Asks: 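This structure is in structure tokens; I'll ask about it shortly.
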Amino acid sequence: MTKASQMHLGLFILGTGHHVAGWRLEDAEAGAENFPLIERIAQAAERAKFDLVFFADALNTGPKVHPSVMVRFEPLTLLAALAMRTSRIGLAATASTTYSDPYNLARTFASIDHLSGGRAGWNVVTGAFAEAAANFGHASHPAHDLRYAIAREFVEVAKGLWDSWEDGAIVMNKAAGQFADISKMHELNHKGQYFSVKGPLNISRPPQGYPVIIQAGASDVGRDLAASIAEIVFAVQQDLEIAKQTAADLRARAVKFGRDPAHMKIMPGVCPIIGTSEADAKAKLRALGEFSDPASALKVLSERLGHDLSSYPLDGPVPALPQSTIMQGHAVTLTALARKHNMTLRELRDYAASAMGHRLLVGTPEQVADGLEEWLVAGAADGFNIMPPWFPGAFDDFVEQVVPILQKRGLFRKDYRGRMLRDHLGLPRPPHPQAGITIDAIGQTVAS
Ligand SMILES: Cc1cc2nc3c(=O)[nH]c(=O)nc-3n(C[C@H](O)[C@H](O)[C@H](O)COP(=O)(O)O)c2cc1C
């Protein structure tokens with residue numbers, strides 16, 4: 001065992017909770033379009049000194065999707081609202097690189113970073129859901145690896161746009177009549193394979209330099225993208241040994257890309273179900289299971305495995321399926337879990353219904369804290385993305401009962417040290433590429 005530092009904690013806020021039946025519990029509140037509730041949850045996470053809150057996104061909906069995502073706020077609009085109602089916690093959300101435009105998106109994230117005083121985080125997703133294509137006039141959803149190639153260039157363009165203005169470029173020197181130091185403004189002039197963007201961006205460099213970049217790719221190309229750009233990796237892991245191997249692999253890939261792996265925080269999702277005893281926690285999980293709509297649960301698993309499972313016998317084994325083109329990482333880890341525990345399709349369906357394929361921790365507050373500590377100390381995680389099965393009660397349980405144990409064990413902060421999300425995560429602020437370089441009177445570059 002290696003000595004671990006403190007863990008990072010994110011809160012994945014999702015509609016009525018991560019369990020498909022979370023919304024049906026008595027103390028659950030409908031959260032997807034309820035701003036006062038979302039505000040209350042984010043403020044509770046801030047009081048508990050969480051690193052960040054996170055909102056996922058998809059660009060489609062329909063009658064069969066998970067109830068928590070059937071209707072929802074556009075997440076970047078939501079972050080802007082939360083920036084006004086919180087002061088320290090990081091504010092992160094998904095934005096698609098397949099169905100967005102780099103200039104608009106770089107501008108929106110820069111705005112949120114300014115509005116929040118440096119607390120923005122961007123979960124770079126390639127868009128797992130093919131149904132989105134029809135909402136953007138596209139004949140089809142681009143293939144898996146092509147989506148990743150587009151994402152790589154998209155992020156490069158966004159970073160270039162955030163570097164449009166060096167720090168301190170807006171001088172506002174009233175006496176000299178100089179508003180901006182134009183020598184510190186840079187056009188991007190990007191002409192790549194997928195994007196052509198001139199720049200500069202019409203907003204100054206974000207307080208954090210760049211918003212914190214998050215990525216959740218788990219396939220081979222997905223891991224490469226994560227290891228090359230991600231400062232947080234949202235992992236999907238249920239098994240400690242596999243989680244350790246995956247973390248080691250991601251860190252080795254980061255080194256290969258010339259990065260310090262300490263600047264990439266691996267945060268697997270965890271769904272905590274907390275009871276006064278282990279039996280009480282298990283009874284809560286069973287109660288959730290009884291409220292589940294089997295069709296919605298099977299749809300969640302079908303998405304996770306990348307194939308429609310409705311024609312397979314529920315009490316048979318989990319079928320061997322061709323490689324998923326949707327979420328390869330989820331498919332691999334869930335199938336491995338089913339094989340390891342000899343699960344039937346019904347059992348795997350019920351597991352995926354609970355935490356959408358993420359790790360379930362069912363027990364007393366001490367047992368949940370132990371489950372987090374074990375992975376942190378083993379080097380399988382730098383922190384966790386907490387995915388409560390319903391809101392707000394299940395999150396309140398975590399904040400009131402588990403966080404104090406983690407703090408007492410020295411595994412989690414008791415207060416924030418800095419103001420920006422990068423401060424909470426211990427991440428450096430990316431320097432401007434031209435910082436320290438000036439152009440002399442005859443147009444030559446000189447170091448200043
Ligand atoms: C915690 C977490 C949050 C995610 N959020 C989104 C999301 O909001 N929208 C989306 O389309 N995909 C989301 N994904 C899916 C990933 O972006 C990615 O498509 C998935 O992990 C599969 O990648 P892979 O094919 O490289 O394995 C999320 C994944 C994880 C683990």
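Positions are given from 1, in the same order as the sequence printed here. Order of listing sets the numbers, starting from 1, for every ligand and every atom in it. Quantities reported herein were computed from a predicted structural model and do not represent experimental measurements.
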Asks: Within ligand 1, which atoms have a heavy atom of Gly217 less than 4.0 Å away?
Replies: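 In order of number, 23 (O), 26 (O).
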Asks: Taking the six-membered ring for Trp, are Tyr416 and His424 closer than 6.0 Å centroid to centroid?
Replies: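 Ring centres of His424 and Tyr416 closer than 6.0 Å.
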Asks: With a heavy-atom distance limit of 4.0 Å, tell me whether Thr126 approaches ligand 1 through its side chain, its backbone, both, or neither.
Replies: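 Thr126 to ligand 1: no contact under 4.0 Å from either part.
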Asks: Is Thr335 reaching over with its side chain to a backbone N or O of Val332, donor-acceptor style, under 3.5 angstrom?
Replies: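 No; zero donor-acceptor contacts below 3.5 Å.
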Asks: Counting only nitrogen or oxygen atoms and a 3.5 angstrom limit, does Gly222 reach ligand 1?
Replies: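 Checking ligand 1 against Gly222, no N or O pair falls under 3.5 Å apart.
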Asks: Run the numbers for me: atoms of ligand 1, each under 4.0 Å from some heavy atom of Asn385, listed by number.
Replies: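 Checking each atom against Asn385, I get 1 (C).
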Asks: Which atoms of ligand 1 are found less than 4.0 Å from any heavy atom of Val236?
Replies: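 By the 4.0 Å cutoff, the relevant atoms are 31 (C).
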Asks: Closest non-hydrogen protein atom to atom 19 (O) of ligand 1, residue and atom name please, with distance?
Replies: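 Heavy-atom neighbour on the protein nearest atom 19 (O) of ligand 1: Ala128 CB, 3.9 Å.
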Asks: Tell me, which protein residue and heavy-atom name are nearest atom 22 (C) of ligand 1, and how many Å apart are they?
Replies: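 Nearest neighbour among protein heavy atoms for atom 22 (C) of ligand 1, to 0.1 Å: Met327 CA, 3.4 Å.
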Asks: Between Phe398 and Phe395, what is the ring plane arrangement, given parallel below 30°, perpendicular above 60°, and tilted in between?
Replies: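 Aromatic pair Phe398/Phe395 classed parallel.
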Asks: Does a side-chain N-to-carboxylate-O contact under 4.0 Å join Lys299 and Glu303?
Replies: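 Salt bridge present between Lys299 and Glu303.
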Asks: Counting only heavy atoms, which portion of Arg223 has something under 4.0 Å from ligand 1: side chain, backbone, both, or neither?
Replies: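 Under 4.0 Å from ligand 1, Arg223 contributes no heavy atoms.
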Asks: Does any N or O atom in Asp57 lie less than 3.5 angstrom from one in ligand 1, N or O only?
Replies: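 Checking ligand 1 against Asp57, an N or O pair does fall under 3.5 Å apart.
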Asks: So which protein heavy atom does atom 28 (C) of ligand 1 come closest to, and at what separation?
Replies: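 Nearest protein contact, heavy atoms only, for atom 28 (C) of ligand 1 is Ala216 CB, 4.1 Å.
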Asks: Please confirm whether Tyr99 and His138 have ring centers closer than 6.0 angstrom.
Replies: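 Yes, the ring of Tyr99 comes within the 6.0 Å limit of the ring of His138, centre to centre.
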Asks: Quick check on contacts: which atoms of ligand 1 are under 4.0 angstrom from a heavy atom of Gly127?
Replies: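 With Gly127 as reference, the close atoms of ligand 1 come out as 11 (O).
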Asks: Heavy atom to atom 5 (N) of ligand 1, shortest distance: which of Asp220, Val124, Asn123, Ile232 holds it?
Replies: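 Considering heavy atoms of Asp220, Val124, Asn123, Ile232, the nearest to atom 5 (N) of ligand 1 sits in Asn123.
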Asks: Heavy atoms only, cut-off 4.0 Å: how does His144 contact ligand 1, side chain, backbone, both, or neither?
Replies: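 Under 4.0 Å from ligand 1, His144 contributes side-chain atoms alone.
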Asks: Answer yes or no: is there a donor N or O on one side and an acceptor on the other, between the side chain of Gln208 and the main chain of Met420, under 3.5 Å?
Replies: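 No, because the side chain of Gln208 does not come within donor-acceptor range (under 3.5 Å) of the backbone of Met420.
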Asks: If the plane angle is over 60° it's perpendicular, under 30° parallel, otherwise tilted; pick one for Trp375 and Phe384.
Replies: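 Taking Phe384 first and then Trp375, their aromatic rings sit tilted (interplane angle of 30° to 60°).
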Asks: Can the ring centres of Phe54 and Phe234 be said to be less than 6.0 Å apart?
Replies: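 That pair passes the under 6.0 Å test.
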Asks: Over 60° means perpendicular and under 30° means parallel, so tell me whether Trp162 and Tyr210 are parallel, tilted or perpendicular.
Replies: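 Answer is tilted, since the angle falls between 30° and 60°.
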Asks: Could you tell me whether Ala56 and ligand 1 have an N or O pair separated by under 3.5 Å?
Replies: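 Ala56 vs ligand 1: no N/O contact under 3.5 Å.
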Asks: Below 6.0 angstrom between ring centroids: does that apply to His358 and His18?
Replies: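 They do not qualify: ring centres at least 6.0 Å apart.
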Asks: At what distance is the nearest protein heavy atom to atom 27 (O) of ligand 1, and which residue and atom is it?
Replies: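 Result for atom 27 (O) of ligand 1: Gly329 N, 2.6 Å.
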Asks: Do Tyr194 and Phe154 make the cut of ring centroids closer than 6.0 angstrom?
Replies: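 Aromatic pair excluded; centres sit 6.0 Å or further apart.
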Asks: Do me a favour and list the nearest non-hydrogen protein atom to atom 14 (N) of ligand 1 with residue, atom name and distance?
Replies: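 That would be Val125 CG1, 4.5 Å.
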Asks: Can His358 be said to touch ligand 1, with heavy atoms closer than 4.0 Å?
Replies: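 True for this residue.
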Asks: Relative to atom 1 (C) of ligand 1, which among Phe55, Phe234, Tyr148 owns the nearest non-hydrogen atom?
Replies: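 Comparing heavy atoms across Phe55, Phe234, Tyr148, the nearest one to atom 1 (C) of ligand 1 lies in Phe234.
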